Amino acid sequence: AQKITQTQPGMFVQEKEAVTLDCTYDTSDPSYGLFWYKQPSSGEMIFLIYQGSYDQQNATEGRYSLNFQKARKSANLVISASQLGDSAMYFCASKGEGGATNKLIFGTGTLLAVQP
Amino acid sequence: DAGVIQSPRHEVTEMGQEVTLRCKPISGHDYLFWYRQTMMRGLELLIYFNNNVPIDDSGMPEDRFSAKMPNASFSTLKIQPSEPRDSAVYFCASSDHSKNEQFFGPGTRLTVL
């Protein structure tokens, strides 16, 4: 079974500063993937970044990077140079790889507010 | 390329009525997922298909819910009869077996009065 924990219900950050959103996971799968999605107030779910459990380097996508610490089972999202448009709900998710399962398990989300 | 398309975007119905939600996945994707999002339970997977075949429906809440995928470009999620506790945003997502990310549709906001 997989479980995702996001302990920060809400976060504030000043525009242009960096912010880290926490995510810890628990899985029994030997191989797995970790995802971050953004959900703005308009409601759509936007894929941001993916990290495979066997990837040697931390994933990066533009201003997004994933701080993957396998031993600690954490997959924190770092957003650099925050913009007002980054204000949204952010969800961490995991997916077991291999076997029959292909489903994403989501955390409860962190609401990020970027202040001017 | 068009993304995942869902219809309707909003649905308001009365308790006891049948509700049908529709989804068109991204062309070429072989996985299709139905999720439900509520304040109480967050985002939860209801069912997913691979090559039009249901693989895991363990998240379907009860017999009132059913999902079909008659072909690679269309899926439905039906609730019959609907109840107020079914009020939620229902997302459809699709993915390709060679990629990791799932692409979500805009969602259908269902309100059951």
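Computed from a prediction, not measured in an experiment: that's the story for all the values here. In the text below, chain A, chain B and the rest are named by the order of the sequence lines, each starting its count at 1.
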Membership question, hydrophobic clusters at under 4.5 Å side-chain separation (ILVMFWY): are [Y] and [X] in the same one?
X      : Y     : result
A:I79  : A:V13 : yes
B:L45  : B:M69 : no
A:L112 : A:W36 : yes
A:F91  : B:Y48 : yes
A:F35  : B:F91 : yes

Heavy-atom donor-acceptor pair, B:Y31 side chain to A:K103 backbone, under 3.5 Å
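Not a single qualifying donor-acceptor pair exists.
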Close side-chain approach of A:Y37 and B:Q102, heavy atoms under 4.5 Å
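In short, these two side chains touch, coming nearer than 4.5 Å.
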Using a 6.0 Å cut-off, check whether atom [atom1] of [X] has over 12 heavy atoms from anything other than its own residue.
X      : atom1 : value
A:K70  : NZ    : yes
B:R109 : CZ    : no
B:K68  : NZ    : no

Do the ring centers of A:F47 and B:F104 come within less than 6.0 Å of each other?
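No; B:F104 has its ring centre 6.0 Å or more from that of A:F47.
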Measure the CD-CG distance between B:E101 and A:L48 for me, rounded to the nearest 0.5 Å.
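Answer rounded to 0.5 Å: 11.0 Å.
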Those residues that, when tested against B:D63, pass side-chain contact (heavy atoms from CB on, under 4.5 Å) (two or more places apart):
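Result, side-chain contact (heavy atoms from CB on, under 4.5 Å) vs B:D63: none returned.
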Residue by residue, which of residues 35-42 of chain B have a heavy atom closer than 4.5 Å to a heavy atom belonging to chain A?
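Residues of residues 35-42 of chain B touching chain A at under 4.5 Å: B:Y35, B:Q37.
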Please look at A:I49 and chain B and tell me whether the side chain, the backbone, both or neither of the residue comes under 4.5 angstrom of a heavy atom of that chain.
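Neither part.
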Can you tell me which portion of B:L43 sits under 4.5 Å from chain A's heavy atoms? Options are side chain, backbone, both or neither.
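Contact with chain A: backbone and side chain both.
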